[in-house]
Structure formats: structure tokens, C-alpha cells
Amino acid sequence: MLTPAAFPLRPDAADPRPLILTALLEPAAQAHFDGLRRAYFPPERNYIPAHVTLFHHLPGSELAAVKTRLKRLCADAPPPRITVASVKFTGNGVSYSLQSPELDGLRAELADAWATLLIPQDRNGFRPHVTVQNKVDAGVARTTHAQLASGFAPWPTRAVALALWRYLGGPWEALGTTVFRER
């Protein structure tokens with residue numbers, strides 16, 4: 001399970017493979033979603049922990065600049081409050097929709113700063129969520145959705161850090177975390 005404890009950033013800026021930026025949730029929420037992912041995500045595809053993707057593809061060659069911007073952003077920002085708002089059927093999976101004006105604002109600030117670096121997927125808006133099941137038969141996903149939605153009530157959590165990853169064609173390599181300042 002991921003924790004917001006910083007692990008060292010690799011000094012590998014020459015690596016062109018894409019970077020992925022995610023938000024890490026406070027430990028109880030992270031553990032909850034990781035458990036659901038272990039229970040419902042196809043094991044042969046479950047390479048990574050539960051996550052909230054902020055950007056799917058930043059240029060690997062921009063590693064140093066990305067790290068610098070994240071350090072500045074998180075030094076000035078308290079942990080964004082998040083509401084786990086609903087359970088969503090996605091056709092071939094299930095995700096939890098999140099609501100967070102604070103996280104939306106931070107992500108928008110980064111998107112503005114990185115506008116020239118973004119791929120279309122990252123320019124087309126931000127709908128924060130945590131996927132707990134994907135790439136399964138629609139009937140299996142409907143059953144999972146019914147189970148998880150039964151008795152669901154929205155609940156609060158926070159993002160405690162931003163995590164930077166390198167995409168390895170399936171698995172992701174953890175490059176480091178940047179923790180939000182304390183309140």
C-alpha cells in the first residue's frame with residue numbers, strides 16, 4: 001500500500017517514457033480502495049494501487065521541471081478535501097466518483113502551467129475518480145456495481161500527497177511523492 005511518506009526521486013530525467021501524476025488519499029481511504037481493487041480488479045491487470053489520476057501523460061523528458069512545480073504547489077497548499085460522492089458503473093467496470101473543488105483548482109493550475117505539454121486526454125477536462133474494477137464483462141461489472149452501491153453513502157477524505165510515476169507499458173514505476181503542507 002502506498003503511503004505519503006516520501007521515497008526518493010530518481011535522477012533519470014533523460015528517460016523519455018511518459019510520466020503519470022496521481023493524488024494519494026489519506027491512509028484509511030487508500031487502504032479501503034486498495035482492498036476493493038484487490039477484490040474486484042482482474043489480478044492479471046492489477047499492477048498498481050488505487051489512485052486518482054490527475055494527468056495520464058506528461059513528457060518524461062520534463063521530469064525535473066515537473067518535480068519543481070509539484071514542490072512549489074504542495075508547499076503552498078493544504079491537503080485538498082474530497083467527497084467520495086457515488087459509485088459509478090462504467091460499462092466494463094466500476095469506479096467511485098469524487099468531488100473536490102480544491103483538487104479541481106490545483107489540477108487546473110497545473111494544467112494551465114503545462115498546457116503545451118498535455119495530450120488531448122489531459123486537456124479534455126478532469127473527472128476525478130478511483131477505479132476499483134476495469135476490463136471485465138459488463139454483467140460482472142453490473143453485479144459489482146450493485147453490491148458496492150447498495151447502502152453507499154458519500155463520505156469525506158483528503159488527498160495527502162501527489163505521486164509521480166513513470167509508465168512502463170503496464171506497470172508503473174514510483175518516482176516519488178510530494179506531500180501537501182500541513183493545515
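What you see is a predicted model; the values in this text were computed from it and never measured.
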Colleague: Answer whether the closest heavy-atom distance between the side chains of Leu164 and Leu63 falls below 4.5 Å.
Modeller: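 When only atoms from C-beta onward are counted, Leu63 and Leu164 do touch, with a gap below 4.5 Å.
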Colleague: Treat each ILVMFWY residue as a node, draw an edge where side-chain heavy atoms are under 4.5 Å apart, and state whether Ile119 and Val66 are in one component.
Modeller: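 Ile119 and Val66: separate clusters.
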Colleague: Which heavy atom in Ser100 sits nearest to a heavy atom in Leu103, and how many Å separate them?
Modeller: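 For Ser100 and Leu103, the tightest heavy-atom pair comes out as OG-N, 3.0 Å.
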Colleague: When you group the ILVMFWY residues by side-chain heavy-atom contacts below 4.5 Å and let the links chain together, are Leu175 and Leu168 in the same group?
Modeller: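 Hydrophobic grouping puts Leu168 apart from Leu175.
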Colleague: Trp172 and His51: aromatic ring centres closer than 6.0 Å?
Modeller: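 They qualify: ring centres under 6.0 Å apart.
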Colleague: Answer yes if Val140 and Leu36 sit in the same cluster of Ile, Leu, Val, Met, Phe, Trp and Tyr residues linked by side chain heavy atoms under 4.5 Å apart, and no otherwise.
Modeller: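 Different hydrophobic clusters.
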Colleague: Would you indicate whether the side-chain heavy atoms of Leu25 and Gln30 approach each other to under 4.5 Å?
Modeller: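 Yes, their side chains come closer than 4.5 Å.
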Colleague: Could you tell me which non-hydrogen atom of Ala163 sits nearest to which non-hydrogen atom of Leu21, and how far apart they are?
Modeller: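 In this case the closest contact between Ala163 and Leu21 is O-CD1, 3.3 Å.
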Colleague: With side chains defined as the heavy atoms from C-beta onward, is the minimum distance between His129 and Thr90 less than 4.5 Å?
Modeller: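 Not touching, per the 4.5 Å side-chain cut-off.
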Colleague: At their closest point, which heavy atom of Gly60 faces which heavy atom of Arg166, and how far apart are they?
Modeller: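 Taking Gly60 first and Arg166 second, the nearest heavy atoms are CA-NH1, 3.7 Å.
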Colleague: Ignoring hydrogens, what is the shortest heavy-atom contact between Ile48 and Arg37? Give both atom names and the distance.
Modeller: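 Scanning both residues, the minimum pair turns out to be O-NE, 3.0 Å.
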Colleague: Taking the side chain as everything from C-beta on, heavy atoms only, tell me whether Thr144 gets closer than 4.5 Å to Val132.
Modeller: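 When only atoms from C-beta onward are counted, Val132 and Thr144 do not touch, as no gap falls below 4.5 Å.
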Colleague: Return yes if a side-chain donor-acceptor contact under 3.5 Å exists between Asn134 and Arg45, otherwise no.
Modeller: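 Distance-only check fails for Asn134 and Arg45.
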Colleague: If you measure from NE2 on His145 to OG on Ser150, what distance do you get to the nearest 0.5 Å?
Modeller: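 Rounded to the nearest 0.5 Å, the NE2-OG separation comes out at 10.5 Å.
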Colleague: Give the minimum heavy-atom separation between Phe55 and Asp122, together with the two atoms involved.
Modeller: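 Heavy atoms only, the tightest pair is CA-OD1, 3.5 Å.
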Colleague: Side chains of Thr157 and Leu98: does their closest heavy-atom pair fall under 4.5 Å?
Modeller: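 No, side chains not in contact.
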Colleague: Counting C-beta onward and ignoring hydrogens, is there a side-chain heavy-atom pair between Val179 and Leu162 closer than 4.5 Å?
Modeller: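 A side-chain contact is absent here, since even the closest heavy-atom pair is not under 4.5 Å.
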Colleague: Look at the side-chain heavy atoms of Ile, Leu, Val, Met, Phe, Trp and Tyr, link any pair under 4.5 Å apart, and say whether Leu148 and Val52 land in one connected group.
Modeller: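 Yes, because Leu148 and Val52 connect within a single hydrophobic cluster, where side-chain heavy atoms sit under 4.5 Å apart.
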Colleague: Are Pro156 and Arg81 close enough that some pair of their side-chain heavy atoms sits under 4.5 Å apart?
Modeller: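 Counting from C-beta outward, Pro156 and Arg81 never come under 4.5 Å.
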Colleague: Is the closest side-chain heavy-atom distance between Phe180 and Val160 below 4.5 Å?
Modeller: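 No; the side chains remain at least 4.5 Å from each other.
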Colleague: Quick one: closest heavy-atom pair of Pro42 and Val136, and the distance?
Modeller: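 Of all heavy-atom pairs spanning Pro42 and Val136, the closest is CG-CG1, 3.5 Å.
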Colleague: If Ile, Leu, Val, Met, Phe, Trp and Tyr residues are connected whenever their side-chain heavy atoms lie under 4.5 Å apart, and connections chain through other members, are Tyr96 and Leu54 in the same group?
Modeller: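 In one cluster: yes.
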Colleague: CG/Leu19 to CD/Glu62 distance, rounded to the nearest 0.5 angstrom?
Modeller: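 Nearest 0.5 Å value for the CG-CD distance: 9.0 Å.
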